[in-house]
Amino acid sequence: MRYEFDLFGVIVPSFLLWGVVAYMLTRVASTLFAQAGLYRHVWHGALFNFALYVCLVAGLIFISRELIS
């Protein structure tokens, strides 16, 4: 995995890019969960969203290390 990317002349850490992608995926998943009514089975919605975000970031980093490098 590359630890930094050159984005229009600016060196950006790859963790920042994966964090942004995971945030967008979390927002989409959160919207889908809300429309399906799955949040009534969740004890604490904000904590669930944070855990989902952390799992997505970890999963994206793991997949990028396996596929890209």
Side-chain angles (χ1 to χ4, degrees):
M1 177 174 105
R2 296 180 60 187
Y3 293 105
E4 51 194 27
F5 292 102
D6 184 11
L7 187 64
F8 303 113
V10 178
I11 302 296
V12 178
S14 62
F15 184 76
L16 177 66
L17 296 177
W18 293 127
V20 170
V21 171
Y23 176 74
M24 288 187 269
L25 289 174
T26 302
R27 296 293 294 183
V28 169
S30 175
T31 303
L32 292 175
F33 291 161
Q35 288 177 352
L38 296 175
Y39 276 114
R40 60 192 157 119
H41 300 292
V42 174
W43 171 67
H44 197 280
L47 188 60
F48 178 78
N49 286 339
F50 178 69
L52 180 64
Y53 172 76
V54 169
C55 289
L56 284 172
V57 167
L60 286 171
I61 290 173
F62 177 73
I63 289 171
S64 72
R65 289 189 68 200
E66 295 295 321
L67 296 178
I68 294 176
S69 54

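Note that the CZ atom of Phe15 and the CD atom of Glu4 stand 15.0 Å from one another [nearest 0.5 Å]. A distance of 6.0 Å separates CG of Leu56 from CG of Leu25, quoted to the nearest 0.5 Å. Residue Asn49 holds its CG atom at 3.5 Å from OH of Tyr39, rounded to the nearest 0.5 Å.
Between Leu60 and Trp18, the shortest heavy-atom contact is CD1-O, 3.9 Å. Smallest separation of non-hydrogen atoms from Val42 and Leu38: CG2-O, 3.7 Å. Scanning both residues, Gly19 and Val57, for their nearest heavy atoms gives CA-CG2, 4.2 Å. Ala29 approaches Leu52 most closely through the heavy-atom pair CB-CD2, 3.9 Å.
Residues satisfying the ring-ring contact (aromatic ring centres under 6.0 Å, His included) criterion with Phe33, sequence neighbours excluded, are Phe48.
Hydrophobic clustering (side-chain heavy atoms under 4.5 Å, transitive across Ile, Leu, Val, Met, Phe, Trp, Tyr) keeps Leu47 apart from Val54. In terms of hydrophobic clustering, with Ile, Leu, Val, Met, Phe, Trp and Tyr side chains grouped at heavy-atom distances under 4.5 Å, Phe62 and Val21 are assigned to different clusters. The hydrophobic clustering, which links ILVMFWY residues whose side-chain heavy atoms are closer than 4.5 Å, places Trp43 and Phe50 apart.
Side chain of Ser30 to backbone of Arg27: no donor-acceptor contact under 3.5 angstrom is found.
Under a 4.5 Å side-chain heavy-atom cut-off, the cluster of Ile, Leu, Val, Met, Phe, Trp and Tyr residues that includes Leu32 is completed by Val28.
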